[in-house]
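Numbers here are sequence positions counted from 1. Computed from a prediction, not measured in an experiment: that's the story for all the values here.
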Amino acid sequence: MDHSLRKPYTILVVRTGKEALAFSVWPQVVPLLLLLGALTAGVVFYPQAQRQEHERARTRSLEEQALQLQEHLTSLEAQVQSLRQRAGVAHPKALAKPQASGSSVPSDSAQRLQSAQVRLVALATDFTQQVRPELEKVLAEEAARPWGLPLRKMNRLSSHFGGRRNPLGAGYEEHNGLDLSSALGTPVYATAPGLVVEAGWAAGYGNRVVVNHGYGFYTLYGHLSKIYVQTGRSIARDHLLGAVGSTGRSTGSHLHYTIFHHGQAVNPMAYMPPLPLAE
């Protein structure tokens, strides 16, 4: 038998600036102490490593969120800028660079998130206080603006806007609208919502309807064979107004269509899709 196993080992622990500690252990106990030390170290260091990995994962997640938010904000700012231009609102002054925060998140992520927050608040404020009110006015005017053809069926454009040869005599005259040739009785529809301000006979136009659309826009529909609306009635876009005829100063079945803007006749072709040229 190895007699050294019967003798205890003396372990001396030297502490800086303090008295050394000495204690004895049996040789058989030493492996157990070493194993216990290893296990204790694992208990101490594993949670710390786990916490560090958790923080790194959290940082990566916040970084990804910040980048995604910045991309969404860039797209949103472009859309608001497009609406701003449509509304005629000048671009706001550049925002001040946000100050660094005291967050425990690394500065890159913290600054990105704070910058995104500042941009989002500024964007919402700008849109609510400046863009939206002006945009609503523009959209309301666009909704009231005449657009399209007053006829579903048309043979041809028989007379254009502006100077033309007098169809009933010699010389030339100024024509304040378009003549749309179509069969007798073809339905005539309003090209915008509004209020019927005239519905009846008028020299030259024969049976005609005049609609006030607001924002300085009026439309006139002349030479009708029938009128289906009364003065003072509010109508929607595409409301049935009458039927094509040849009443008044006319040489054949057609609709005379005029658009007035602030009292001046304007070319209706600017308010409708392209039409075949007049013959």
Side-chain angles (χ1 to χ4, degrees), residues 136-162 164-169 173-279:
E136 288 175 349
K137 295 178 183 177
V138 171
L139 293 177
E141 181 176 352
E142 290 180 354
R145 185 178 302 166
W147 176 256
L149 281 167
L151 302 176
R152 298 291 182 271
K153 297 180 180 180
M154 185 188 78
N155 297 331
R156 61 189 176 87
L157 174 61
S158 57
S159 185
H160 56 72
F161 177 85
R164 69 171 184 177
R165 185 181 295 276
N166 186 348
L168 296 176
E173 65 179 6
E174 195 69 21
H175 190 227
N176 70 353
L178 299 178
D179 285 346
L180 309 175
S181 176
S182 188
L184 182 69
T186 300
V188 176
Y189 301 95
T191 54
L195 179 70
V196 176
V197 292
E198 295 182 25
W201 184 270
Y205 294 115
N207 290 326
R208 58 90 179 88
V209 172
V210 178
V211 181
N212 179 2
H213 305 286
Y215 299 95
F217 284 103
Y218 287 78
T219 53
L220 182 150
Y221 311 80
H223 307 309
L224 302 175
S225 60
K226 294 181 180 179
I227 296 176
Y228 299 134
V229 292
Q230 298 79 37
T231 301
R233 177 169 182 175
S234 294
I235 60 170
R237 187 185 298 272
D238 296 327
H239 189 94
L240 180 61
L241 300 177
V244 170
S246 187
T247 58
R249 186 172 178 267
S250 172
T251 59
S253 177
H254 73 283
L255 172 70
H256 173 89
Y257 177 55
T258 299
I259 297 178
F260 297 96
H261 191 215
H262 297 301
Q264 298 294 322
V266 296
N267 192 344
M269 294 190 73
Y271 298 85
M272 60 176 59
L275 295 177
L277 294 178
E279 294 182 0

Note to self: Tell me the closest heavy-atom pair linking Y228 and G242, and the distance in Å.
What the structure shows: CD1-CA, 3.4 Å

Check: Would you say L151 and V188 make side-chain contact, with heavy atoms under 4.5 Å?
Finding: yes

Margin query: If I take atom OG from residue S246 and atom NE2 from residue H223, how far apart are they, to the nearest 0.5 angstrom?
Written below: 7.5 Å

Item checked: Nearest-0.5 Å distance that lies between atom OH in Y205 and atom OG1 in T247 -> 12.5 Å

Margin query: Please give me the minimum heavy-atom distance between I259 and P146, naming the atom from each residue.
Written below: CD1-CB, 4.0 Å

Notebook entry, point to check: What's the spacing between L241 CG and L255 CG if we round to 0.5 Å?
Noted result: 9.5 Å

Next item on the list: Starting from the C-alpha separation in whole Å, work towards a yes-or-no answer on side chain to side chain contact (heavy atoms under 4.5 Å, CB included) for F161 and M269.
Entry: CA-CA 8 Å; F161 177 85; M269 294 190 73; over 6 Å; no

Next item on the list: Could you check if a side-chain atom of N207 sits within less than 4.5 angstrom of a side-chain atom of W201, using non-hydrogen atoms only?
Entry: yes

Checklist line | Lys/Arg N to Asp/Glu carboxylate O, R145 vs E141, below 4.0 Å | finding: yes

Notebook entry, point to check: If every non-hydrogen atom of I227 is compared with every non-hydrogen atom of G200, which pair is closest and at what distance?
Noted result: CD1-N, 3.6 Å

Note to self: Just verifying a value: how many Å separate L178 CG and N267 CG, rounded to the nearest 0.5 Å?
What the structure shows: 6.0 Å

Next item on the list: Taking the side chain as every heavy atom from C-beta outward, state whether Y271 and T191 have any pair of such atoms under 4.5 Å apart.
Entry: no

Check: If you look at every heavy atom in G222 and R208, which pair is closest and at what distance?
Finding: CA-CB, 3.8 Å

Notebook entry, point to check: Say you draw a straight line from OG of S234 to CG of L195; how long is it, rounded to the nearest 0.5 Å?
Noted result: 5.0 Å

Note to self: Donor-acceptor pair, distance only, cut-off 3.5 Å: does the side chain of H239 make one with the backbone of P193?
What the structure shows: no

Item checked: Ring centre gap for F217 and F260 strictly below 6.0 Å -> no

Check: Does a side chain donor of either N176 or H256 reach within less than 3.5 Å of an acceptor in the other side chain?
Finding: yes

Item checked: Main-chain N/O of H254 paired with S181 side-chain donor or acceptor, under 3.5 Å -> no

Notebook entry, point to check: Is the shortest heavy-atom distance from the side chain of Y257 to the side chain of M272 under 4.5 Å?
Noted result: yes

Notebook entry, point to check: Within the distance-only criterion (no hydrogens, no angle test), does the side chain of T186 pair as donor or acceptor with the backbone N or O of K153 below 3.5 angstrom?
Noted result: no

Checklist line | Nearest heavy-atom neighbours spanning V244 and S225 | finding: O-OG, 2.9 Å

Next item on the list: Please report the shortest heavy-atom distance between S250 and G252, naming the atom on each side.
Entry: OG-O, 2.8 Å

Margin query: Donor-acceptor check, side chain of S253 to backbone of L184, threshold 3.5 angstrom: yes or no?
Written below: yes

